[in-house]
Amino acid sequence: MCIKFPQFVFYIFAFSFQSYVNAKKNVLLIVADDGGFESQVYGNPVCKTPNIDQLASKSTIFKNAFTSVSSCSPSRSSFLTGLPQHQNGMYGLHQDIHHFNSFDQVKSLPNLLRQNKIYTGIIGKKHVGPENVYPFNFAYTEETDSINQVGRNITKIKELVNKFFSTLNNSQPFFLYVAFHDPHRCGHTNPEYGEFCEKFGNGEEGMGVIPDWKPEHYKPEDVIVPYFIPDTPAARRDIAAQYTTLSRLDQGIGLILKELNKFNHENDTLVLYTSDNGIPFPNGRTNLYDSGIAEPFLMHLPQQTYSQVSETMVSLLDIVPTILEWFNIEYPDFKLNGMAVKLTGKSLLQFVSIKGNEVVFASHNLHEITMYYPIRAIRTNNYKLIHNLNFKMPFPIDQDFFISPTFQDLLNRTVEKRETHWYKNLSDYYYRSEWELFDLSQDPYELHNVATNSSYSSILVILQNMLMEWQIKTNDPWICSPSGVLENKGKFKEKPTCLPLFNGI
């Protein structure tokens with residue numbers, strides 16, 4: 001049996017990159033926090049997102065986009081460096097006492113752009129470090145302000161975007177990164193504002209007012225429950241609150257695009273919209289199943305007036321090479337931890353013709369400090385292979401998701417032996433096989449692990465080898481885990497070797 005790779009050909013017809021070689025060029029990168037596919041353009045007719053839909057009407061709509069890691073800081077570090085988390089050093093959340101950071105030698109996108117005299121700005125959630133690796137000329141983030149103000153108050157965000165453009169030398173190209181905190185949960189940190197901060201700024205007593213926000217409210221019975229979430233009253237109420245926050249995100253995007261037009265940058269700015277990781281529900285964020293890594297991704301080229309759909313698989317690791325090519329900047333030659341660094345993502349510009357062996361890779365180590373669960377994955381059009389390195393331990397649950405109504409209801413139903421209305425059970429969710437192989441053409445929900453099925457043995461070996469090659473190329477310290485130890489110093493310096501632990505794995 002061989003792996004069949006459907007051949008997709010995707011073209012940007014009238015608006016090729018070559019049209020802009022000599023034109024003024026800027027970039028606006030908009031990122032949602034734990035955002036998903038709750039928009040009309042991605043098939044959800046209930047959640048109202050007219051501004052995202054309007055942007056999509058003149059963008060390339062990627063239907064198969066994936067983050068390389070399903071956790072906030074690691075994901076942001078990956079799409080700001082073009083390097084997976086295990087290569088750039090941001091193994092877990094950059095916050096409080098956890099203090100995960102990228103390696104000091106990493107060449108990030110904002111650093112490279114500043115060196116090439118491009119004015120860089122960030123508004124909203126930064127959540128990466130250290131500062132010398134991720135420097136911005138203009139910065140209003142959780143490091144300078146309340147995260148709810150710079151990440152959820154869309155009037156404040158609009159004013160900061162206006163300030164960015166007002167301080168910009170009009171002859172200088174710019175890169176503006178607007179990182180919303182919506183629709184991230186907030187029941188763990190600010191329960192007074194609701195599970196998704198859907199009450200923050202809505203005008204009710206004690207909630208404050210966001211002048212530019214017209215809250216949209218949804219009935220639990222009307223929401224669309226994704227296949228990987230239990231269809232229960234608690235989950236439906238949770239999703240309804242999520243929709244309200246998503247509507248605020250959407251209205252904020254509309255305000256940003258109006259500011260872009262107000263300052264006459266609508267015809268010289270590449271606009272990208274995506275999210276950092278999967279939504280914070282069962283099987284979503286912190287997982288490398290598709291429900292945890294599949295992302296919305298829109299790319300609008302200046303003066304583009306039409307929409308087109310691409311089925312081509314793309315990765316958020318493609319953001320850095322895309323933006324560097326947009327600005328005609330070469331990625332530098334340098335070494336990281338003794339190994340030459342090469343980007344594994346690809347630019348999405350020019351007349352793109354992508355055929356054949358399409359693959360995306362993913363890599364996860366931690367979310368919170370107590371959530372050590374390293375995973376590696378490779379996905380093709382037809383198959384997904386997941387390597388759970390810590391498979392002998394239960395899969396960990398993060399704090400804000402744990403106290404969510406959806407998960408608490410799932411826990412209570414399981415303990416009380418009541419119907420969960422979930423497509424999995426908690427025991428199988430916690431305890432996973434070392435290798436999980438899914439035939440996506442037959443099993444798109446990734447329910448049936450065929451790794452031990454002899455009919456798939458050749459596919460398993462091919463994917464394992466491809467995953468290993470990517471780990472070698474990206475200098476993955478976990479490459480020998482869990483059955484061996486990597487020796488790459490002393491007599492092994494010229495030929496790094498995995499030495500067996502004889503631990504039964």
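We're numbering straight along the sequence, starting at 1.
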Distance only, no hydrogens: is a donor on one side chain within 3.5 Å (strictly under) of an acceptor on the other, for [X] and [Y]?
X      : Y      : value
Asn337 : Asn475 : no
Tyr423 : Asn283 : yes
Thr67  : Asn277 : no
Ser347 : Glu325 : yes
Thr120 : Asn137 : yes
Thr274 : Glu295 : no
His181 : Asp33  : yes
Ser70  : His364 : no
Ser102 : Tyr134 : yes
Thr406 : Asp238 : yes
Asn287 : Arg432 : yes
Glu434 : His387 : yes
His86  : Ser363 : yes

May I ask you to decide if Lys424's main-chain N or O and Asp428's side chain share a donor-acceptor pair within less than 3.5 Å?
no
Quick check: do Asp276 and His184 have side-chain heavy atoms less than 4.5 Å from each other?
no
On the 0 to 90° scale, with breaks at 30° and 60°, tag the Phe175-Phe136 ring pair as parallel, tilted or perpendicular.
parallel
Once you measure the plane-to-plane angle for Tyr445 and Tyr227, does it fall in the parallel (<30°), tilted (30-60°) or perpendicular (>60°) bin?
parallel
Tell me, please, which residues at least two apart from Phe174 pass ring-ring contact (aromatic ring centres under 6.0 Å, His included).
Phe164, Phe165, His265
Tyr429 ring center near Trp422 ring center (under 6.0 Å):
yes
Compute the ring centroids of Phe395 and Tyr373, then answer whether they are less than 6.0 Å apart.
yes
Test log, rule side chain to side chain contact (heavy atoms under 4.5 Å, CB included), inputs Phe401 and Arg285
CA-CA 9 Å; Phe401 171 54; Arg285 186 184 67 193; 4.1 Å; yes
Establish, for the pair Arg185 and Phe281, whether the NZ or CZ atom is under 6.0 angstrom from the six-membered ring centre and no further than 45 degrees off its axis.
yes
Output a table of donor-acceptor pairs, distance under 3.5 Å, between side-chain atoms of residues 494-505 and any protein atom two or more places apart or on a different chain; print 'none' if there are none.
from	atom 1	to	atom 2	distance (Å)
Thr497	OG1	Lys495	O	2.8
Asn503	OD1	Ile505	N	3.2
Asn503	ND2	Pro482	O	2.9

